[in-house]
Amino acid sequence: MGNSLKKFDVLVIGGGHAGCEAALVASRMGAETLLITLSRETIGQMSCNPAIGGIGKGHLVKEIDALGGEMGKVADATGIQFRVLNSSRGAATRGTRCQSDYLAYKNVMRQRIESQPGLKIIEGLVDELLFHDEKVVGIRTISEEYFAKTVIVTTGTFLNGQIHRGKEKINAGRVAEPSAKKLSFCLANHSLKLGRMKTGTPARLDKRTIDWTKLELQLGDEHPKKFSFWDTEILLPQVPCHIVYTNSSTHKIINNNLEKSALYGGEINGIGPRYCPSIEDKIVKFADKKRHQVFLEPMGFSSESIMIYPNGLSTSLPEEVQYEFLRTIEGLEKVEIIEPGYAIEYDILDPTQLKSSLELKKIKNLFLAGQINGTTGYEEAAAQGLMAGINAVLKTRNKQPFILQRNEAYIGVMIDDLITRGVMEPYRMFTSRAEYRLHLREDNADSRLSKKGWDLGIISRENYNQFQKKQDSIIDLMGKIKIEKVSPTRTIQNELKKLGESPLKKVAKFSDLLRRPNLNFKKLLNCDFFIQKIELANYSYEVFEQVEILIKYEGYLARQDQELKHINKLERINLPDEMVFYNIPGLSQEVIEILDKARPANLGQASRISGMTPAAISILRIYLRTKQAA
């Protein structure tokens, strides 16, 4: 065993989106890191939809980027259609999304992994974790052992994965890639609670066999907005997507073949994602709906890239039935399938067994990230991978873990949801999950998190200087907007009239004008009275955007700040690891059992556990205060 003497600081199992972020951040923090993956060729592969971001998910990508992660940068380099979703709504609900060239994405990510100093890559299938005194100390493949101070498991759908297509079953983590069955048994043997979930993917279609003249066009934004706060560019040509619709014939074929579906034929036991259902689920659960929208999304931009991803047609029906229902859709009458759709079942670990750091409570030095924790989506996986990588390094240095609270980041919301509430279905991020989404916007992720990324040693000096310069510009412009005034002269009244605005009744500050619902910087930048007092060249578009949002939301943000102060008080009251809840007078037996099982780290976390009551939190608070006084 030639590698048995080599000991790493951090060992990452899996080269998917969680594994890539974990391995990169660990090595960038100076840890000797090993990434073990089945194949170098599939590092960073987009196994399902070749897209990054969306509502809630775009927030995660921005936060990953603000902390110094890689997903946003790679998305910018390989995106072929960018759109800001909910662009007509408030800033807190907007979500950036890009369609990616799936080959370019994995190639760029792989290049960044392979060129990262301090990061070693090996190919292999992990059969077993190595333990000593309830600590993980390494891993074993079929031929080698590798030792590490910390191990991060990011197995995606490979943990005891099984592909379903009709009655056909294949043990695999992806098409033509083996399932990690032994690793699943190894985890189960250490008294860890496992569950079973499923996801699915549609057929990949041959674009040369589609009648594009019949289809509805969906263009990207005229001025694409990139993900990264740093010096990235959108490099690839931008391409359109198209929209098609299922119809009564499509639905009839699917209904007539439901017993052949792995999902409805009893082959699958795992729970699927409610917000990304299969076409069989849609037909059954929304039987009154006469059609369903399907987005035909190109998987690449070049003429050689012939695969189309029909977003909305995930299925586990047999290949011949897939052909039959696809060809009922207008424009797809002669379509050919390159790769049939399928469902996949895989094992997860109950995430309530995790600490906030993503380390297991029962097994020291073992961290989990991605779908193994019950989430779905590249973005959710990458965010967990980043946090697990950071905390694995901190653990090797005997430092306190890096925890993001619910009021600091969507990443904090997601991890807190997972560890306090667990999962009944694959977890997907939405803006509605965040109580403080006015604070947690895409546009201010750098303001919230980049200083933390710098303190952790992830963000470069050049990028941090760039960040500080932007923050200084925001403060400077905000000051001027709140000081500079405008008088109700005839010239100014005429300019406001041209903008469709009511006239001034008295002298007003620029900030008062910006608070008007229909007035924004885009309009003010064309007004002489504004240009004469504000040096436009001194400020970027992003700075104007930040100041406008802060001015328009100022009252709402101030009220939410008061709420956050109360929440922060609870978060700061820690519950000792060894705390015995049975000794606390006034707690019900039910609450004691809930607390003993969940072992929350603080009162804030305890308050969010299902079954906890305000009365129980008050009892805990008084008990801790009494103990401190004693």
Side-chain angles (χ1 to χ4, degrees), residues 62 82-96 219-226 228-229 231 233-234 238 437-448 465-562:
K62 288 278 194 176
F82 286 78
R83 293 174 63 222
V84 176
L85 309 183
N86 284 347
S87 58
S88 62
R89 298 177 62 185
T93 62
R94 295 171 199 157
T96 306
L219 298 172
D221 291 343
E222 185 178 355
H223 302 291
K225 188 175 181 181
K226 66 191 186 80
S228 184
F229 292 101
D231 296 323
E233 293 180 74
I234 295 173
Q238 300 298 286
R437 51 188 173 274
L438 279 181
H439 277 79
L440 308 183
R441 306 184 308 276
E442 272 196 357
D443 58 83
N444 72 348
D446 57 339
S447 298
R448 292 184 280 116
N465 288 343
Q466 180 185 338
F467 161 73
Q468 287 183 307
K469 184 178 178 182
K470 178 182 171 184
Q471 300 309 303
D472 290 343
S473 294
I474 290 169
I475 293 167
D476 182 59
L477 180 59
M478 180 70 89
K480 288 179 179 176
I481 293 299
K482 287 192 168 187
I483 292 171
E484 294 291 350
K485 297 176 181 177
V486 59
S487 301
T489 64
R490 180 178 296 178
T491 303
I492 287 168
Q493 302 290 41
N494 285 337
E495 285 200 73
L496 289 173
K497 187 177 180 181
K498 287 177 185 176
L499 295 174
E501 290 290 321
S502 58
L504 290 174
K505 294 179 180 178
K506 59 181 180 180
V507 174
K509 295 175 183 176
F510 284 154
S511 56
D512 296 324
L513 290 178
L514 264 182
R515 287 191 183 95
R516 293 186 175 193
N518 298 316
L519 199 54
N520 53 36
F521 270 127
K522 189 175 182 181
K523 292 179 179 179
L524 287 176
L525 292 175
N526 294 311
C527 294
D528 288 336
F529 70 81
F530 187 79
I531 295 169
Q532 288 166 8
K533 294 193 176 183
I534 303 293
E535 288 288 335
L536 304 187
N538 291 345
Y539 308 104
S540 66
Y541 165 80
E542 289 77 17
V543 169
F544 280 118
E545 179 187 51
Q546 278 291 286
V547 172
E548 180 179 318
I549 291 168
L550 290 170
I551 292 292
K552 286 189 179 293
Y553 284 89
E554 196 167 30
Y556 299 104
L557 290 168
R559 282 197 293 274
Q560 205 166 83
D561 276 333
Q562 292 303 311

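What you see is a predicted model; the values in this text were computed from it and never measured. Keep in mind that the numbers below use all heavy atoms, side chains included, and drop hydrogens, waters and symmetry copies.
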Stepwise salt bridge (Lys or Arg N to Asp or Glu O under 4.0 Å) test for E548 and R515: CA-CA 8 Å; E548 180 179 318; R515 287 191 183 95; over 6 Å; no

Chi angles and distances behind the side chain to side chain donor-acceptor pair (under 3.5 Å) call for N518, E501: CA-CA 8 Å; N518 298 316; E501 290 290 321; 4.9 Å; no

side-chain contact (heavy atoms from CB on, under 4.5 Å) between F529 and L513, intermediate numbers included: CA-CA 12 Å; F529 70 81; L513 290 178; 3.9 Å; yes

Worked verdict on V486 versus V507 for side-chain contact (heavy atoms from CB on, under 4.5 Å): CA-CA 6 Å; V486 59; V507 174; over 6 Å; no

Derivation of the side-chain contact (heavy atoms from CB on, under 4.5 Å) call for L519 and L499: CA-CA 8 Å; L519 199 54; L499 295 174; 3.9 Å; yes

Chi angles and distances behind the salt bridge (Lys or Arg N to Asp or Glu O under 4.0 Å) call for E545, K225: CA-CA 13 Å; E545 179 187 51; K225 188 175 181 181; 3.1 Å; yes

side-chain contact (heavy atoms from CB on, under 4.5 Å) evaluation trace for K509 with I481: CA-CA 7 Å; K509 295 175 183 176; I481 293 299; over 6 Å; no

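Checked for salt-bridge contact, K482 and E554 meet the test: a charged N lies under 4.0 Å from a carboxylate O.
Between K506 and P488 the shortest side-chain heavy-atom distance does not fall below 4.5 Å. Counting only heavy atoms from C-beta outward, the side chains of K497 and P503 never approach each other to under 4.5 Å. Side chains of R89 and R94 form no contact here, defined as non-hydrogen atoms less than 4.5 Å apart. Annotation: side chain of N538 is not in contact with side chain of S473 (no heavy-atom distance under 4.5 Å). Side-chain contact between S502 and L496 is absent, with no heavy atoms from C-beta onward closer than 4.5 Å.
For the pair D446 (side chain) and F229 (backbone), a donor-acceptor distance under 3.5 Å is absent. Of the possible donor and acceptor atoms, none in the side chain of N494 sits under 3.5 Å from a partner among the backbone N and O of T491. Put simply, the side chain of N444 never gets that close to the backbone of L440: no donor and acceptor are under 3.5 Å apart. Counting only distance, with no hydrogens or angles, the side chain of E442 and the backbone of T96 share a donor-acceptor pair below 3.5 Å. Without hydrogens or angle criteria, K226 side chain to S228 main chain gives a donor-acceptor distance under 3.5 Å. N520 places a side-chain N or O within 3.5 Å of a backbone atom of K523 that can act as its donor or acceptor partner. The backbone N or O of G95 sits nowhere less than 3.5 Å from a side-chain atom of R83 that would complete a donor-acceptor pair. Counting only distance, with no hydrogens or angles, the side chain of Q546 and the backbone of D443 share a donor-acceptor pair below 3.5 Å.
To the nearest 0.5 Å, atoms OG (S511) and NZ (K552) are separated by 11.0 Å. One finds the OH atom of Y556 at 15.0 Å from the CG atom of D561 (value rounded to the nearest 0.5 Å).
L557 approaches R441 most closely through the heavy-atom pair CD2-NH1, 4.3 Å. In plain terms, the two heavy atoms of I531 and L536 that are nearest each other are CG1-CD1, 3.9 Å. Nearest heavy-atom pair, P224 versus F82, reported as atom, atom and distance to 0.1 Å: CB-CB, 3.9 Å. Summarising the geometry of I534 relative to K480, their closest heavy-atom pair is CD1-CB, 3.9 Å, with the distance given to 0.1 Å.
The only option from I474, V547, L477 that meets the side-chain contact (heavy atoms from CB on, under 4.5 Å) definition with Y539 turns out to be L477.
For K533, the NZ atom counts as densely surrounded, since its 6.0 Å shell holds more than 12 non-hydrogen atoms of other residues, nucleotides or ligands.
Two rings, from F530 and F510, have their centers less than 6.0 Å apart.
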